[in-house]
There are 2 protein chains.
Amino acid sequence: MGRWEPNTRERLARAALELFGERGYEQTTVAEIARRAGLTERTYFRHYADKREVLFGGAEALREAFTRAVAEAPASAAPIDVMAAGLVAIAAVFPERGTARQRHSVVGSHPELLERELIKRATLAAAVTEALRARGVPDHAAALAAEAGMAVFKVGYERWIAPAEQRELPDLLRESLSELKAVTAGG
Amino acid sequence: MGRWEPNTRERLARAALELFGERGYEQTTVAEIARRAGLTERTYFRHYADKREVLFGGAEALREAFTRAVAEAPASAAPIDVMAAGLVAIAAVFPERGTARQRHSVVGSHPELLERELIKRATLAAAVTEALRARGVPDHAAALAAEAGMAVFKVGYERWIAPAEQRELPDLLRESLSELKAVTAGG
DNA sequence: AGCACTGATGTCAGGGACTGTCATCGCGTA
DNA sequence: TACGCGATGACAGTCCCTGACATCAGTGCT
């Protein structure tokens with residue numbers, strides 16, 4: 001192997017992130033992304049299902065880290081603590097804060113990209129629900145714990161990439177979790 | 001007014017729901033939807049921003065009912081109980097169960113439609129967060145309560161439209177809420 | 001060497017979503 | 001009557017995305 005430049009997918013992803021940042025998502029065509037990566041539009045669509053997917057290549061690793069942490073948590077742990085373990089495990093596979101901020105800025109700039117982000121999160125929630133069920137957690141409790149975990153993740157993650165924030169992601173996730181507990185105990 | 005048939009938007013929505021149910025979302029073109037409603041494709045896009053939006057016309061009424069209930073809840077109520085009031089208020093603006101099942105079946109049949117459903121829910125969550133903040137709930141607590149409320153809504157709603165289910169939506173929402181409380185108190 | 005085979009890419013044609021622009025037409029109003 | 005307004009139609013065009021076929025370097029077999 002090696003007739004063409006290697007790392008085709010990564011080159012496309014980098015080109016896309018650059019162009020989306022330079023001119024915006026709508027003002028960038030798939031043909032331009034492919035050209036910057038030294039490829040053709042047709043080849044782009046052989047690596048990514050659509051124009052948005054190029055920004056979401058890491059979702060699979062995220063799912064794997066989360067569900068593995070859930071599966072490996074001690075059998076005695078309560079569902080919400082299993083969630084906590086999964087959240088901390090997620091933090092390990094994230095890029096550095098600057099990259100996360102750049103990507104988050106692009107994704108937040110266009111509703112189509114937000115939609116994709118949301119369905120990735122929902123897919124993750126479904127996988128976590130399944131992992132919890134596999135531990136014996138009842139159906140509805142598993143679903144609610146997973147959704148609540150996504151809420152904690154969202155809040156903690158957004159705090160992590162906020163401009164002035166200094167603390168690290170695991171700490172912020174733990175803090176958001178205890179805030180959720182306080183809120184839901186309030187009634 | 002009255003030079004053309006009235007209720008253009010509703011005719012388009014009905015035609016779309018029919019066609020999506022008959023042949024599926026992908027196998028239906030916007031031109032076909034417009035033709036069944038006695039209009040042209042160009043006119044469709046003057047009433048709905050894209051092919052998916054025609055299924056989500058009720059989102060605005062939902063947001064209004066929810067945020068009004070939140071705003072009108074007694075000042076002494078805890079955030080999570082305010083959420084409960086909002087959830088019950090939502091139930092009032094829903095169509096009958098059969099229609100909801102039909103629409104849910106179409107939306108669930110294609111990822112693009114699921115994406116749109118998710119961003120509508122996220123928009124609703126943001127509006128509820130804002131309504132809670134307006135009541136004096138701290139930022140993060142408001143966001144977490146809103147997200148948790150969406151989780152409760154999702155679980156309760158899906159239970160409501162499940163094939164064998166007999167109970168009514170408000171009861172199922174209340175039940176899901178108490179289950180969430182039980183889960184988050186478990187750690 | 002000669003050969004077929006494989007796999008990633010290029011090329012081309014085309015459908016369908018969506019937009020900009022201008023024309024049309026019935027109605028209200030001066 | 002003349003004029004403007006507002007919803008719609010007609011038409012051209014861009015871009016997203018797909019199917020079909022050709023190309024071409026490497027691999028293994030003979």
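Here is how names work: the chains are called A, B, and so on, in the same order as the sequence lines, proteins then strands, and each is numbered from 1. This is a predicted model, so every value here is computed, not measured.
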Visitor: When you check the gap from the basic side-chain N to the acidic O, do B:Glu26 and B:Lys51 get nearer than 4.0 Å?
Guide: no

Visitor: Roughly how many Å is it from CD1 in B:Ile33 to P in C:dG16, rounded to a whole number?
Guide: 13 Å

Visitor: Specify whether B:Phe20 and B:Tyr25 have parallel, tilted or perpendicular ring planes, treating 30° as the upper limit for parallel and 60° as the lower limit for perpendicular.
Guide: perpendicular

Visitor: Hey, is A:Glu72 close enough to A:Arg135 for a salt bridge, meaning N to O under 4.0 Å?
Guide: no

Visitor: Could you tell me how far apart B:Tyr25 (OH) and C:dG16 (C1') are, to the nearest whole angstrom?
Guide: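 Computing the B:Tyr25:OH to C:dG16:C1' distance gives 11 Å.
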
Visitor: In this structure, how many angstroms lie between the C1' atom of D:dC17 and the CG atom of A:Leu12, rounded?
Guide: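 Going from CG in A:Leu12 over to C1' in D:dC17 covers 15 Å.
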
Visitor: At less than 4.0 Å, is any side-chain N or O atom of A:His47 found next to OP1 or OP2 of C:dT9? Yes or no.
Guide: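 For A:His47, the contact criterion (side-chain N or O under 4.0 Å from OP1 or OP2 of C:dT9) is met.
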
Visitor: In whole Å, what is the span from the CD atom of B:Gln27 to the C1' atom of C:dA17?
Guide: 15 Å

Visitor: Under 4.0 Å between a side-chain N/O of B:Thr8 and OP1 or OP2 of D:dT8, yes or no?
Guide: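 Looking at the OP1 and OP2 atoms of D:dT8, one of them is under 4.0 Å from a side-chain N or O of B:Thr8.
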
Visitor: Taking only N/O atoms, report every protein-nucleotides 5-7 of chain C pair under 3.5 Å with atom names and distance.
Guide:
residue, atom, partner, partner atom, Å
C:dG7, N2, A:Arg3, NH1, 2.8

Visitor: Are side-chain N/O atoms of A:Thr99 and A:Glu96 paired as donor and acceptor at under 3.5 Å?
Guide: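 Result is yes, a qualifying pair exists.
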
Visitor: Measure up the A:Phe94 and A:Trp160 rings against each other and bin them: parallel (under 30°), tilted (30 to 60°), perpendicular (over 60°).
Guide: perpendicular

Visitor: Between A:Asp139 and A:Thr129, is there a side-chain heavy-atom distance shorter than 4.5 Å?
Guide: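 A side-chain contact under 4.5 Å is absent here.
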
Visitor: Measure from CD on A:Glu32 to C1' on D:dC16 and round the result to the nearest Å.
Guide: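 Nearest whole value for this atom pair: 13 Å.
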
Visitor: Applying the side chain to side chain contact (heavy atoms under 4.5 Å, CB included) test to A:Val107, which of A:Glu115, A:Glu112, A:Glu117 qualifies?
Guide: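 It is A:Glu117, the one option of A:Glu115, A:Glu112, A:Glu117 that forms the side chain to side chain contact (heavy atoms under 4.5 Å, CB included) with A:Val107.
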
Visitor: Could you tell me the separation between the OH atom of A:Tyr48 and the C1' atom of C:dT9, rounded to a whole number of Å?
Guide: 16 Å

Visitor: NA contact type, A:Ala49, heavy-atom cut-off 4.0 Å: base, sugar-phosphate, or nothing?
Guide: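 A:Ala49: backbone/sugar contact only, no base atoms under 4.0 Å.
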
Visitor: Could you walk me through whether A:Glu175 and A:Arg167 pass the salt bridge (charged side-chain N to carboxylate O under 4.0 Å, His left out) test, one step at a time?
Guide: CA-CA 11 Å; A:Glu175 187 172 316; A:Arg167 285 166 292 173; 2.9 Å; yes

Visitor: Near DNA chain C, which residues from residues 36-46 of chain B have a heavy atom under 4.0 Å away?
Guide: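 By residue number: B:Glu41, B:Arg42, B:Phe45, B:Arg46.
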
Visitor: CD of A:Glu53 versus C1' of D:dC16: gap in Å, rounded?
Guide: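 Rounding to the nearest Å, CD of A:Glu53 and C1' of D:dC16 are 15 Å apart.
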
Visitor: Report the distance from atom CG of B:Leu19 to atom C1' of C:dG16, rounded to the nearest whole Å.
Guide: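 Value for this atom pair: 16 Å.
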
Visitor: Yes or no on salt bridge (charged side-chain N to carboxylate O under 4.0 Å, His left out) for B:Glu179 and B:Arg159, after CA distance, side-chain angles and deciding distance?
Guide: CA-CA 13 Å; B:Glu179 283 190 23; B:Arg159 221 188 287 196; 3.3 Å; yes

